[in-house]
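See structure below.
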Amino acid sequence: MNLDLTDEQRLIRETARDFADREIIPRARDNDRAERFDLELVQRIAEMGYLGAPVAEEYGGRGLDYISYGLVIEEIGRGDSSARTVVSVQTSLVAGSIEQWGTEAQKREILPNLCSGEWLGCFGLTEPGTGSDAASVATRATRKNGGWSISGSKMFISLGNNANVAMIFAQTDPEKKHRGVACFLVPTDRPGFTTQEIHGKLGLRASDTAELALDGVEVSDDEILGAVGDGFKIAMSALDRGRYSVAAGCVGIAQGCVNESVKYAKERRQFDRPIASFQLVQELIAEMVVDTDAARLLVWRAGHLKDRKQPNTLETSIAKYYATEAAVRCANNAIQVHGGYGYIDEYPVERYMRDARVTTLYEGTSQIQKLIIGRHATGINALIPE
Ligand SMILES: Cc1cc2nc3c(=O)[nH]c(=O)nc-3n(C[C@H](O)[C@H](O)[C@H](O)COP(=O)(O)OP(=O)(O)OC[C@H]3O[C@@H](n4cnc5c(N)ncnc54)[C@H](O)[C@@H]3O)c2cc1C
């Protein structure tokens, strides 16, 4: 693997960095305080082409390679994880799944709208009673009028209140267990589809989070993604992309912690000297630098494998696990470097801490990543106990 970025990749990173500094960071604190899902910012992100970054150009995307996509996500993640969540969900979970599994008609109808930001999409897997054990979704799809009727509820769904199309994972035949799960592309204006905002989150406060209720929502066979029974495979393939995006966003948080801490430590004086000159403060910073570098290299390795279309579930899990935990550690250290000022939102580090915290929970908790890594190492599947 060549660790040198190409001229084009460097330019993509510089452009994304500049965009994050100019458009995202100036709004981040106010949006966080107001718990505001900033649709105007979403539109700016769309104008940059980031909502379709790795999607093929023929479907309205930018056709970027995965390393470039990771660089864009890193910069947006440094700016604001709520904004990064929009890109991750729209691009990696929703558009990527439709590009991989959709019919030509589904791709032509939906992808250009997602890439342009005309539509938002959401990924409805988690339910009130079903999280890590995603194969056990209780939302039911039953045959009706030559199509399907879906009933159930979905919990913690990012972009759910603003989405035009929802990927809904539902069980078609409980006896078949995960082989009975199907993924439906549900227009959110269908009768029986309602949403409720979830507020009071620790972090990601500027991100739209919803509970979805489906009460006899009717869809046609043309609105199934893949085949009936492919739902679980579709969810897992989406998470392989989504976890990469979350990991890259966490590299951005970690780098943001380094940048902010170095700047603050050189300015802040105690005992007549900048605090950066104290060895114990440098220790905090050095730990952050190492974590950031290691996380970035793991993300690049996963991106390299994705670009070569090689299996990468293990490497993506390792990157997701390491980068998300590293972001939490870095944010904690960054608050320590800032002292009392790190505890208030005059500086971004307390938001980094609150925003980083969810990344070890969603798209597979750290425990689930460890079970994936352990399964590869031992050949024993501890995820599903015998
Ligand atoms: C802000 C936010 C946004 C989200 N966005 C989305 C979204 O867009 N779409 C979506 O579908 N979901 C979304 N989620 C849901 C998220 O993916 C789930 O919360 C996550 O998968 C964990 O599920 P759970 O909360 O039910 O926890 P549980 O599965 O109940 O886990 C609770 C604890 O038990 C542990 N645990 C569970 N099983 C095992 C096991 N076998 N071995 C060891 N430990 C185990 C977990 O690691 C965790 O520590 C979001 C969540 C949040 C908070």
Side-chain angles (χ1 to χ4, degrees), residues 32 35 37 80-97 120-139 152-163 165-170 178 181 183-184 186 188 195-214 225 231-232 234-243 245-247 249-250 317 320-321 324-325 328 351 354-375 378 380-386:
D32 176 69
E35 292 194 46
F37 182 62
D80 181 2
S81 293
S82 292
R84 196 272 306 152
T85 295
V86 176
V87 185
S88 295
V89 171
Q90 178 94 340
T91 305
S92 288
L93 295 182
V94 183
S97 297
L120 290 178
C122 69
F123 181 82
L125 181 63
T126 306
E127 301 180 349
T130 308
S132 301
D133 184 11
S136 300
V137 286
T139 295
S153 50
K154 296 287 173 182
M155 190 67 184
F156 299 129
I157 306 305
S158 303
L159 313 191
N161 298 293
N162 284 275
V165 61
M167 287 174 68
I168 297 292
F169 294 87
H178 72 277
V181 177
C183 177
F184 297 89
V186 182
T188 57
T195 70
Q196 198 174 338
E197 293 182 7
I198 297 176
H199 287 288
K201 299 193 297 277
L202 173 70
L204 278 195
R205 291 183 164 207
S207 172
D208 167 20
T209 313
E211 182 165 3
L212 313 180
L214 293 95
L225 185 63
F232 189 68
I234 292 173
M236 293 305 114
S237 66
L239 290 173
D240 263 354
R241 281 185 300 272
R243 287 169 184 164
S245 194
V246 171
C250 283
S317 264
K320 198 269 181 184
Y321 167 60
T324 57
E325 295 285 348
V328 174
R351 179 168 48 81
R354 291 185 287 108
D355 287 352
R357 195 61 192 78
V358 76
T359 64
T360 72
L361 300 173
Y362 66 17
E363 307 223 10
T365 64
S366 287
Q367 285 72 32
I368 295 302
Q369 306 312 323
K370 284 186 201 170
L371 294 177
I372 293 169
I373 297 162
R375 183 178 62 197
T378 64
I380 299 168
N381 186 358
L383 254 172
I384 306 168
E386 290 298 323

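Remember, it's a predicted structure, so these values are computed and weren't measured experimentally. Just follow the structure's listing: the first ligand is 1, and inside any ligand the first atom is 1. Basis for what follows: all heavy atoms, side chains included, without hydrogens, waters or symmetry-related copies.
Distances below 4.0 Å separate heavy atoms of Glu363 from the following atoms of ligand 1: 17 (O). Interface atoms of ligand 1 facing Leu371, defined by a heavy-atom separation under 4.0 Å, are 40 (C), 41 (N), 42 (N). Taking every heavy atom of Thr365 and a limit of under 4.0 angstrom, the matching atoms of ligand 1 come to 22 (C), 46 (C), 47 (O). Interface atoms of ligand 1 facing Ile157, defined by a heavy-atom separation under 4.0 Å, are 7 (C), 8 (O), 9 (N), 10 (C), 11 (O). Counting atoms of ligand 1 from 1 in the listed order, those under 4.0 Å from a heavy atom of Leu125 are 11 (O).
In this structure, the ring pair (Phe, Tyr, Trp, His ring centres under 6.0 Å) partners of Phe169, at least two apart in sequence or on a different chain, are Phe123.
Looking at Val358 against ligand 1, only its side chain comes within 4.0 Å, counting heavy atoms.
The distance criterion of under 3.5 Å between nitrogen or oxygen atoms is not met by Tyr362 with respect to ligand 1. Of the polar atoms of Gln367, at least one N or O is found under 3.5 Å from an N or O of ligand 1, judged by distance alone. Residue Phe156 places at least one N or O, backbone or side chain, under 3.5 Å from an N or O of ligand 1. Backbone and side-chain nitrogen or oxygen atoms of Thr130 are examined, and none is located within less than 3.5 angstrom of a nitrogen or oxygen of ligand 1. Residue Thr209 has no N or O atom closer than 3.5 Å to an N or O atom of ligand 1.
For the pair Val89 and ligand 1, no heavy-atom separation below 4.0 Å is found.
Checked by atom type, the side-chain pair Thr139/Glu127 shows a donor-acceptor distance below 3.5 Å. Using a 3.5 Å distance cut-off with no hydrogens or angles, the side chains of Ser245 and Arg241 do not pair a donor with an acceptor. Side chains of Thr324 and Thr359: a donor-acceptor N/O pair is absent below 3.5 angstrom, by distance only.
Lys320 places no side-chain N or O within 3.5 Å of a backbone atom of Ala247 that could act as its donor or acceptor partner. Listed for the Glu35 side chain is no donor-acceptor partner under 3.5 Å among the backbone atoms of Arg205.
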